[in-house]
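These notes concern the structure reproduced below.
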Number of protein chains: 2
Amino acid sequence: MPSSADRAEELYEAINQLIRVHQFRDRDCICHHDVSVAQCYALETLVKRGPLRLQALAAEMYLDKSTTSRVVDSLLRKKYVLKVTDPSDQRAIQLSLTPAGEELYKTIRQDLVSEETSMIKDLPPEIVDGALTLIRQLTVTARARLGS
Amino acid sequence: MPSSADRAEELYEAINQLIRVHQFRDRDCICHHDVSVAQCYALETLVKRGPLRLQALAAEMYLDKSTTSRVVDSLLRKKYVLKVTDPSDQRAIQLSLTPAGEELYKTIRQDLVSEETSMIKDLPPEIVDGALTLIRQLTVTARARLGS
DNA sequence: TGATTATAGTTGCTACTGACAACATATCAG
DNA sequence: CTGATATGTTGTCAGTAGCAACTATAATCA
């Protein structure tokens, strides 16, 4: 029976590999379309959280507001997001997706999910369900540590 | 019972989250030391594969040779790697770690693994073993698709 | 051998990622 | 009204990453 230290070591390796492979695959997949990875992530966040202020978007993405501002800028130039000044606070802006932005994210998302689909098509459902549970558990645990 | 499409969707979400959280954590952890993430990845590859030519390192890391050349350059400046011209082929260079490079990677690695350790310390061993198996399976499957 | 071709690495260029600091503007507290 | 605070933007710097052009060396073939 492997020790706890061994398990940690192996888990590190396993997750490392998974992350690397997925990163490359996602980048390939996303960049076939009109946006970069960070830009796509911003689209995704706006799809999930709805219209947001820049600061809120930055917080959601764990990015600096300056970085976020520039990412949003590029999406603005490509007409995938809309900037509206908040009437109740002239400093703030509300960011929302244009129809084109929503459409684009939907397309990319389909591509990404279809990668997953073909990945699991030969795995038994119980296995996949197990993986799901565990991966979520790991994420929760890791996120808890991130805050500290 | 969820459909296969639902599972793919959920798996996409779950892996996405895990990757995001880990990415941030690793970056934090690595950048406390003297190197960036890519630089650390290069160190890791050299630790695992031993001395390599630049092209081989690039292939191992799935990076362009120009990108790899620059990453290596920065490690060279920091004295973590050594460049030796291959006597049998004046064009080629052998890259190897300096003692400082090995030491640095060992330290970073300990930090990274210890993150994993504290992450799994409250999870039952069977759960962790299960996650390990599944994550590896997913990596293998994803990697197979990467090649195509 | 000598000319052509192929390979190894480097460098120029472009674009994206991301943080920190300084800044302009707007809001709020006293 | 004035100082403090909050929102976004811009400047700057470093790192990531690929493509194309280049140098130098090696290999091939005529």
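Letters go in sequence order (proteins before strands), and every chain restarts at 1. Worth knowing before you read on, the calculation uses all heavy atoms, side chains too, and leaves out hydrogens, waters and symmetry mates. Owing to the predicted nature of the structure, the values given are computational and were not obtained by experimental measurement.
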In this structure, how many angstroms lie between the P atom of D/dC13 and the CG atom of A/Asp64, rounded? 17 Å
Is any side-chain nitrogen or oxygen of B/Lys65 closer than 4.0 Å to OP1 or OP2 of C/dT11? no
In whole angstrom, give the distance that lies between atom CZ of B/Arg27 and atom C1' of D/dA14. 13 Å
Between C/dA26 atom C1' and A/Gln90 atom CD, what is the distance in whole Å? 8 Å
Using atom CD1 of B/Ile30 as one end and atom P of D/dT16 as the other, report the distance to the nearest whole Å. 10 Å
With a non-hydrogen cut-off below 4.0 angstrom, is B/Asp86 in contact with a base, only sugar-phosphate, or nothing? nothing
From CD1 of B/Ile93 over to C1' of C/dT7, roughly how many Å is that when rounded to an integer? 14 Å
Distance below 4.0 Å between B/Thr67 side-chain N/O and D/dG18 OP1 or OP2: yes
Determine the contact category for A/Ser36: base if any of its heavy atoms lies under 4.0 Å from a base atom, sugar-phosphate if only primed atoms, P, OP1 or OP2 are that close, otherwise nothing. sugar-phosphate
Under 4.0 Å between any heavy atoms, over every strand shown, what does B/Ser66 touch: base, sugar-phosphate, or nothing? Just pick one. base
Would you please confirm or rule out a distance under 4.0 Å between OP1 or OP2 of D/dA14 and any side-chain N or O of B/Lys78? no
Whichever of A/Asp73 and B/Gln39 has the more 5' nearest nucleotide on DNA chain D, that residue is A/Asp73
Could you state the atom-to-atom distance from CG of B/Leu63 to P of D/dT16 in whole Å? 10 Å
With respect to the phosphate group of D/dG18, does any side-chain polar atom (N or O) of B/Arg70 fall under 4.0 Å of OP1 or OP2? no
Got a salt bridge between B/Arg7 and B/Glu13, using NZ or NE/NH1/NH2 to carboxylate O under 4.0 Å? no
Donor-acceptor pair present, A/Arg91 side chain and D/dT7 base, under 3.5 Å: no
Nearest of C/dC16, C/dT27, C/dT10 to any side-chain atom of B/Leu54? C/dT10
Given the structure, check if the side chain of B/Ser69 and the base of C/dG9 hold any donor-acceptor pair shorter than 3.5 Å. no
In whole angstroms, how far is the C1' atom of D/dT9 from the CZ atom of A/Arg77? 13 Å
Over all strands shown, is B/Asp89 touching base, sugar-phosphate only, or nothing at heavy-atom distances under 4.0 angstrom? sugar-phosphate
May I ask you to say whether A/Lys106 pairs ionically with A/Glu102, meaning some side-chain N is under 4.0 Å from a carboxylate O? no
